[in-house]
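Given the structure is predicted, the values throughout are model-derived calculations rather than measurements. These values consider heavy atoms only, across backbone and side chains, with no hydrogens, waters or symmetry-generated copies. So that the names make sense, note that chain A is the first sequence line, chain B the second, and so on, each numbered from 1.
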Amino acid sequence: MADYIPQAVEAKWQKRWEDERVFETEADPAKPKYYVLEMLPYPSGTLHMGHMRNYTIGDVVARVKRMRGFNVIHPMGWDAFGLPAENAAIKNNTHPREWTNKNITEFKRVLHLFGFSYDWRREISTCEPEYYRWNQWFFLRMLERGLAYRKKSRVNWCVKCATVLANEQVVNGCCWRHEETPVEAKEIEQWFLKTTAYADQLIDDLKQLEGSWPDRVIAMQRNWIGKSQGAKVKFAVAETPAAGPIEVFTTRIDTIYGATALILAPNHPAMQALLEGSPERAKAEPALAAMRQMSVKAEDLATAEKIGFYTGRHARNPFNGAEIPIWVANFVLMEYGTGAIMAVPAHDERDFEFATKYGLGKPVVVQGPAGEPASDAPPKEPFTEYGKSVNSGPYSGLETAAAMEKMAAEAEAKGFGKRETVYRLKDWGISRQRYWGAPIPIIYCPECGMVPVPEADLPVVLPQDVKLTGLGTSPLAHVPQFINTTCPLCHRPAKRETDTMDTFVDSAWYFYRYCDPHNDKAPFDSSKVGYWMPIDQYIGGITHAILHLLYSRFWCKVMRDLGLIQHNEPAARLFTQGMVQKGGVAMSKSRGNVVGAEDMAQKYGADTGRLYTLFAAPPEKDLEWSEESIEGAWRFLSRVFRLVDRHAGRIAGVCAGAGEMAALSEKERVLLRKAHETLRRVTSDFETRWHFNSAIALIMELVNELHAHEPLEQAVRPEILKEALELVTLMLAPMVPHLAEELWEMLGHKNGLSRVSWPDYNAELARADEVEVMVQVNGRLRGRLRVAAGLGEEELVRLALDEAAVRAQIDGKRLVKKIVVADKLVNLVVA
RNA sequence: GCGGGAGUGGCGGAACUGGCAGACGCACCAGCCUUAGGAGCUGGCGGCCGCAAGGCCAUAGGGGUUCAAAUCCCUUCUCCCGCACCA
């Protein structure tokens, strides 16, 4: 009798897999491909069970697809650039490269302990020049196409990070890494990638992803891009024409006859010109100063009372010439649209609130089907629906859609407005004033100006020697041998760009590089990428729903337009797994609640850890770590091991097989039926539903059933038992691969199971020949019948009526209806 | 406010196309085995009534459709996530 010693079993098979290179794959157009990818990790801290859950899900999918005959690519790599490395280096007085590489080695060692089926030859590390030179290459391609540009702009600055943040990296007005640190506004020159050029495609192509990506991710992306269609209209300034015209953006141009004010954002550029010489100037300037002092934190902003002041100037409505006062208010944002709005209090909630407070008029210009709201009195609440225009000059009587159309057309014809679509999405600022990132390949020459680094000179390599202080200027600016160079055009002394790229650039395209990781002529070979991409199944955390996925989608579209690839979207299917929590919160080093993956492997074995994370909750839900439940997973695997071990000697030498159905004993038939029925359902759980937890439950039932028939020697022939045990082993194989290999060997197979196919269930065997039919009276369960499968309706009803408990319910009543579902149920309706 | 999702035993969770609610596991209880048990094995385990057979109630609450509802429809509530004065 052998003992199940997972650590020994796991080490044995990990070595075997490596020696036999079973997970290495090459593009082969003759075979159907499958690309399974888990989001690449940032190598910091320790690898915990949260990571492991993510990789386990991916590994199960990869192994199932392999067993299903797909040519599976399943790579892993490192998101190796980034601030923590730099900060750790400052703190510990080491080099970011050293710190990063140490972590990578550590991560990799632990990943190996779990037996994930990666093709490690494809490993990439984004901090290596062999990788980031292609970031630089892409940057130059975008520069050529006007998709990369430099401008001075107000940016989000995190004091703690001492660098700029992209809009996407600002959460509730604070840094995404430092949730307590409000971002500051800073005006600096920086590089942008023109994500807005693809705004429409990024929205429209979401339709292709519906059903394949989680609804909420699609919703979040749509929300983030924030497309809204409307019109821009210019209002002349009555008193000082030179201060105008002022342009507003509106989605409801049809309500323009109801505008009773023009409202500007406090930092609107026309402000000075408007206030110059205004009779209200003495009151307005202090009010403006006070408004600018107000908190910019998002939660304050959202709940703040609407306040405003009158500028003393008037704007002229281009449609009817009406002069309306120009106000300034805190709720109008310079960042959105044009930074100015027309206030239509009767048809907009915010304008209504503002107008009520400051006594502006609320003329009704749109009415609903019942003529509401009445147009001869101020409305009690804003009417924001579509309806029919009233009090709108020549447009009165038109339906909202038609009015919008006609009015926009007139504005365009007369040159005071145009149809326009605005987006919430901004261009992606990628400059970072830090060291540990890809250098931006630009040279500034006093003579020639800004000059891109010639392609032949790539990569621009990060210098090794650098003094890191974290004090807010680019460390590269203090490295003379880096910054000083010669101009590629005039060959006179020139200086390099010292900012580095946002690390989201690295991860925006890494999965293409996996397809051709060592190419030194191009980012990748298009035919290889053409075979492997797009990703068939991408798996990662919901935290990347906007940032990483939006950038990746953008990058994909750019590469397509560069002619490098054919597809529109990088990932055909996306799965967002739940977090692993302990004490109700996500595992994290800072909370000190991590369960280390290595500890787990040492205590119970990797297979137990894998099984537990799959069994404890469906993969999309959060999972609360429970030490007791792990014991359960361990017990189950031990039980399976003992079961196989107990019978291995007797069955290892025979051939598995059911033989003739007719020759089966009752017990054999019951076992085989259970085994094949389990296989049928487990197959469907793996293929279509990803219900790993219920698949495991089904296998547990089968094992329990086998157990219940002990001693099996007496009633079941070895070839029958072997078939059942082989099925158990194969069904477990994707989830607990090491143990499955060991069992497979115990069952007499010499060549390992990594190239064994997923078994097909035998429908004949799986079919039950006796079924339990429930008998209901008026929909309530009153009895059960054990009958042969496929019995006719009349026969079933007759048997049902024979049941004593059923008789008791219907005696003396009239049978009005009989419902029969074959092999399942008889429902007798009595009155 | 808008958008996305969820609500089932003490706990994690099953329940496929509307057809036995609570599979499987954890915890707990009883028993067996044992020098011992944090091992293994057997049985029990939603609530109420009952010695039992059995009955009644039960999938957040209320209403509806249906022979039949955790599942479909309406409605109310609660919770989680995202966005949030987006003009």
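- As judged by a 4.0 angstrom heavy-atom cut-off over every strand, A:V332 is placed among the base-contacting residues.
- Checking B:rG3 for Watson-Crick or G-U wobble geometry (two distances, each under 3.5 Å) identifies B:rC81 as its partner.
- Here B:rC85 presents its C1' atom at 14 Å from OH of A:Y358, a figure rounded to the nearest Å.
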- Please step through side-chain hydrogen bond (donor to acceptor under 3.5 Å, both in side chains) for the pair A:T196 and A:D427, ending with a clear verdict. CA-CA 6 Å; A:T196 53; A:D427 283 339; 2.6 Å; yes

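- Pairing for B:rC51 is absent, judged as Watson-Crick or G-U wobble with the two contacts each under 3.5 Å.
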- side-chain hydrogen bond (donor to acceptor under 3.5 Å, both in side chains) evaluation trace for A:T356 with A:K362: CA-CA 9 Å; A:T356 303; A:K362 299 168 183 169; 2.8 Å; yes

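- When the C1' atom is used for both B:rG5 and B:rC51, the distance is 49 Å, rounded to whole Å.
- A cation-pi arrangement is absent between A:K234 and A:F416 under the rule of less than 6.0 angstrom and at most 45 degrees off the ring axis.
- Annotation: side chain of A:N693 is not in contact with side chain of A:L614 (no heavy-atom distance under 4.5 Å).
- The shortest distance between side-chain heavy atoms of A:Y604 and A:L611 does not fall below 4.5 Å.
- What separates CZ of A:R642 from C1' of B:rA39 is a distance of 9 Å, to the nearest Å.
- A salt bridge is absent between A:K818 and A:E793; no separation between the charged side-chain nitrogens and carboxylate oxygens falls under 4.0 Å.
- Regarding contacts with the backbone of B:rA15, a side-chain N or O of A:R689 is found under 4.0 angstrom from either OP1 or OP2.
- Using atom C1' as the reference point in both B:rG7 and B:rA58, the two lie 15 Å apart (nearest Å).
- The same atom, P, is picked in B:rG25 and in B:rC80; the two are 33 Å apart, to the nearest Å.
- We find that CE of A:M579 is positioned 10 Å from C1' of B:rC80, with the value rounded to whole Å.
- With a glycosidic angle no more than 90° from 0, B:rG9 adopts the syn conformation.
- For the side chain to side chain contact (heavy atoms under 4.5 Å, CB included) criterion with A:I542, the lone passing option out of A:M579, A:Q577, A:R216 is A:R216.
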- Under a 4.0 Å heavy-atom criterion, the protein footprint on nucleotides 23-34 of chain B, written with B, S and -, is BBSSS-------

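- The separation of B:rA6 from B:rC86, taken at their C1' atoms, amounts to 28 Å, rounded to a whole angstrom.
- Ring planes of A:W690 and A:F692: tilted class, angle from 30 to 60°.
- Atom CG of A:L550 is separated from atom C1' of B:rG82 by 15 Å (rounded to the nearest Å).
- With a cut-off of 3.5 Å on both pairing distances, the Watson-Crick or G-U wobble partner of B:rC41 is B:rG31.
- Between A:K306 and B:rC85 there is no side-chain N or O to OP1 or OP2 distance below 4.0 Å.
- Put simply, the residue from A:F331, A:W327, A:F249 that forms a side chain to side chain contact (heavy atoms under 4.5 Å, CB included) with A:I341 is A:F331.
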Review item, nucleotides 57-59 of chain B N/O atoms under 3.5 Å of protein N/O:
{"unit_1": "B:rC57", "atom_1": "OP2", "unit_2": "A:R780", "atom_2": "NH1", "d": "3.0"}
{"unit_1": "B:rC57", "atom_1": "OP2", "unit_2": "A:R780", "atom_2": "NH2", "d": "2.9"}

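- In the region residues 251-265 of chain A, proximity to RNA chain B at under 4.0 angstrom, judged on heavy atoms, holds for A:T251.
- Nearer the 5' end of RNA chain B, as judged by each residue's closest nucleotide, is the contact made by A:R681, out of A:R681 and A:E772.
- What you find for A:F319 and A:M407 is that their closest heavy atoms are CZ-O, 3.4 Å.
- Among the heavy atoms of the strands, none lies under 4.0 Å from A:P214.
- Here B:rA70 sits opposite no nucleotide as a Watson-Crick or G-U wobble pair (both hydrogen-bonding atom distances under 3.5 Å).
- When the C1' atom is used for both B:rG13 and B:rU59, the distance is 13 Å, rounded to whole Å.
- Cation-pi geometry between A:R424 and A:W224 is met: the NZ or CZ atom falls under 6.0 Å from the ring centre, inside 45° of the normal.
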- Could you encode protein contacts along nucleotides 3-10 of chain B as a string, one character per nucleotide from 5' to 3', using B for base contact, S for sugar-phosphate-only contact and - for no contact, with a heavy-atom cut-off of under 4.0 Å? SSS-----

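- Contact annotation: A:H347 does not reach the phosphate of B:rA87 (side-chain N/O to OP1 or OP2, under 4.0 Å).
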Close N or O pairs between protein and nucleotides 17-19 of chain B (under 3.5 Å):
{"unit_1": "B:rG19", "atom_1": "N2", "unit_2": "A:Q776", "atom_2": "OE1", "d": "3.4"}

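- Looking at A:T421 and A:S228, their side chains never come closer than 4.5 Å, going by heavy atoms from C-beta outward.
- Remark: B:rG25 base-pairs with B:rC11. Criterion, Watson-Crick or G-U wobble with two distances under 3.5 Å.
- Only the P atoms considered, B:rG44 is 13 Å distant from B:rA53, to the nearest whole Å.
- Of the two residues contacting RNA chain B, namely A:L781 and A:K603, the nearest-nucleotide position lying further toward the 5' end is that of A:L781.
- Residues passing the side chain to side chain donor-acceptor pair (under 3.5 Å) test with A:T260, sequence neighbours excluded: none.
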- Item | A:E627/A:K603 under salt bridge (charged side-chain N to carboxylate O under 4.0 Å, His left out): CA gap, chis, key distance, verdict | CA-CA 11 Å; A:E627 202 73 18; A:K603 194 163 173 195; 3.3 Å; yes

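- Backbone-only engagement by A:R782 is indicated by non-hydrogen atom pairs under 4.0 Å involving sugar-phosphate atoms exclusively.
- Rounded to whole angstrom, the span from the CG atom of A:N778 across to the P atom of B:rA69 amounts to 12 Å.
- The separation between A:E353 atom CD and B:rG1 atom P is 14 Å, rounded to whole Å.
- Regarding A:L623, its CG atom lies at a distance of 8 Å from the C1' atom of B:rG12, rounded to whole Å.
- Between A:W625 atom CH2 and B:rG12 atom C1' the separation is 13 Å, expressed in whole Å.
- Rounded to the nearest Å, the gap between the P atom of B:rG54 and that of B:rA68 is 25 Å.
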- Would A:R680 and A:E677 count as a salt bridge (charged side-chain N to carboxylate O under 4.0 Å, His left out) if you check the C-alpha gap in whole Å, the side-chain angles of each, and the deciding distance to 0.1 Å? CA-CA 5 Å; A:R680 183 183 70 80; A:E677 172 63 7; 2.9 Å; yes

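- Taking atom C1' in both B:rG47 and B:rG22, one finds a spacing of 13 Å when rounded to whole Å.
- Across all strands shown, B:rC16 has no partner, as no Watson-Crick or G-U wobble contact with both distances under 3.5 Å is found.
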